[in-house]
Amino acid sequence: AVFSALLTTALTVLALYLFLRLRLKPVAQCAAFAERLASDPGATLEVNARSREVAMLQTSLNDASLHLRQQYEAINERNERLDAIFALSPDGLVVFDRDRRLAYSNPAFGELFSLVVEAGMPLHEFERAMAACCAQASDFTGVDAAVSGVTEIALLAPVRRLLRREHRVNQRGHLVLYFRDITSEAEVARMKSEFLSTAAHELRTPMVSVFGFVELLLARKYPEEKQREMLGVIHRQSRLLIKMVNELLDLARIEARVGKDFVLSVQPLQPLITDTCAAFAVPGDHHVLKLDLPPESELAEFDSEKLRQ
């Protein structure tokens, strides 16, 4: 009787084990499928669902797998676009991870600095290599020492350049460095400054002449012939002023001129010298300017209007 009872118990346990194993096998398959989703997004789970709950779990896992696949493809497509943008960008881009080790640099950075940087390079070694490209290491400001996120760096190697560096730290703690070549912009700013200085000088010369002669006419009385001579000088200088002001207002012409608006012709030098000296002569002054000109005027090729400015 005891043996019969033990046998019955053993058979019952075995039957229960086989029943539970058969019932739980789809659940184990679902668990294994869920673990495999990270490496195989988009896969489809097929199990012999013997219950409504297992069927619902199978449907949810298949939906999650499809959604994960769509997100994976969208991220890959976005990364490909960003890689293309960074590769084609003329501006240098460098990224450091949270441990301040180099994680990425685009081709433009290597062209700007002619530096070979490898993934994993510490930030301090990277900055030391960049400082070596400057005239003096003290001219380079590190990221930690920078007061603001924007810094200008003057390079001597591989070629003389002026760069603008911007840096920021994203939410994950990654340091992003952005380098832009502003050499041309700085040169344009310098040329504009020189142009304004030159323009002010050129405008001052005829203005002083006009003001001086007008002041003399108001303060003194001159013979009619002398007055006409002085008014002629004022007229010529005023015409030069008007022409220069028109050129200053024509900004498009100034930018595209490159010497093309000069009207060169072969002319005698004597009238140019005489008119220039007459513009600065003060009527009634006891100082007399004597010109010793050759009997035959020398010829030269020049733009008389531009030269008189």
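We number each residue from 1, following the sequence as shown.
Residues Tyr178 and Phe86 are members of separate hydrophobic clusters, defined by side-chain heavy-atom contacts under 4.5 angstrom among Ile, Leu, Val, Met, Phe, Trp and Tyr. Cluster annotation: Leu175 and Leu93 are assigned to distinct hydrophobic clusters (Ile/Leu/Val/Met/Phe/Trp/Tyr, side-chain heavy-atom contacts under 4.5 Å, transitive). Hydrophobic clustering (ILVMFWY, side-chain heavy atoms < 4.5 Å, transitive): Phe109 and Val95 are in distinct clusters. Criterion: ILVMFWY side-chain heavy atoms under 4.5 Å apart, direct or through other members. Under it, Leu231 and Tyr222 are part of a common hydrophobic cluster. A continuous path of ILVMFWY side-chain contacts below 4.5 Å connects Leu177 to Val169, so both sit in one hydrophobic cluster.
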### Task
Any chance you could lay out the side chain to side chain contact (heavy atoms under 4.5 Å, CB included) test for Leu163 and Glu152, step after step, and finish with the verdict?
CA-CA 6 Å; Leu163 301 180; Glu152 291 187 358; over 6 Å; no
### Pair Gln237-Val233, side chain to side chain contact (heavy atoms under 4.5 Å, CB included): steps then yes or no
CA-CA 6 Å; Gln237 297 300 321; Val233 174; 4.3 Å; yes
### Task
Check the pair Glu185, Arg180 against salt bridge (charged side-chain N to carboxylate O under 4.0 Å, His left out), reporting the backbone distance first and the verdict last.
CA-CA 11 Å; Glu185 296 178 11; Arg180 183 184 177 201; 2.7 Å; yes
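A salt bridge links Lys226 to Glu229: at least one charged side-chain nitrogen sits closer than 4.0 Å to a carboxylate oxygen.
One finds the CG atom of Leu61 at 12.5 Å from the CG atom of Leu66 (value rounded to the nearest 0.5 Å). To the nearest 0.5 Å, the span separating CZ on Arg228 from CD on Glu225 amounts to 9.5 Å. Atom OG of residue Ser238 and atom CE of residue Met207 lie 10.5 Å apart, to the nearest 0.5 angstrom. In this structure, CD in Glu127 is found 8.0 Å from CE in Met130, a value given to the nearest 0.5 Å. Atom-to-atom distance recorded for Leu68:CG and Asp63:CG is 12.5 Å, nearest 0.5 angstrom. Atom CD of residue Gln71 and atom CZ of residue Arg78 lie 13.0 Å apart, to the nearest 0.5 angstrom.
Clustering of Ile, Leu, Val, Met, Phe, Trp and Tyr by side-chain heavy atoms under 4.5 Å joins Ile182 with Leu162. The hydrophobic cluster around Val266 extends to Leu299, counting ILVMFWY residues whose side-chain heavy atoms fall within less than 4.5 Å of a member.
Every side chain to side chain contact (heavy atoms under 4.5 Å, CB included) that Val214 has, sequence neighbours left out, goes to Val210, Leu218, Ile234. Residues meeting the side chain to side chain donor-acceptor pair (under 3.5 Å) test with Arg81, sequence neighbours left out: Glu77. Here Glu187 pairs with Arg190 under the salt bridge (Lys or Arg N to Asp or Glu O under 4.0 Å) rule; sequence neighbours left out.
Under the 4.5 Å side-chain criterion, counting only non-hydrogen atoms from C-beta, Phe33 is in contact with Ser65. Counting heavy atoms from C-beta on, the side chains of Asp91 and Asp181 never come closer than 4.5 Å.
Applying the side-chain hydrogen bond (donor to acceptor under 3.5 Å, both in side chains) test to every pair with at least one member in residues 97-112, sequence neighbours left out, gives no pairs at all.
Of all non-hydrogen atoms in Arg69 and Pro41, the two that sit nearest each other are CD-O, 3.4 Å. The two residues Gln58 and Glu46 have their closest heavy-atom pair at NE2-CA, 3.7 Å. Looking at every heavy atom in both residues, Asn62 comes nearest to Ala43 through OD1-O, 4.3 Å. Leu241 approaches Pro206 most closely through the heavy-atom pair CD2-CG, 3.6 Å. Heavy-atom minimum distance, Phe213 versus Met230: CD2-CE, 3.7 Å. When all heavy atoms of Ser89 and Ala108 are compared, the closest pair comes out as O-CB, 3.1 Å.
At least one donor-acceptor pair under 3.5 Å links the side chain of Ser39 to the backbone N or O of Arg36.
Heavy-atom neighbours of His124 NE2 from other residues, nucleotides or ligands within 6.0 Å: above the threshold of 12. The 12-atom threshold is exceeded at CD of Glu194, counting heavy atoms of other residues, nucleotides or ligands nearer than 6.0 Å.
Under the 30°/60° scheme for interplanar angles, the aromatic rings of Phe126 and Phe179 are found to be tilted.
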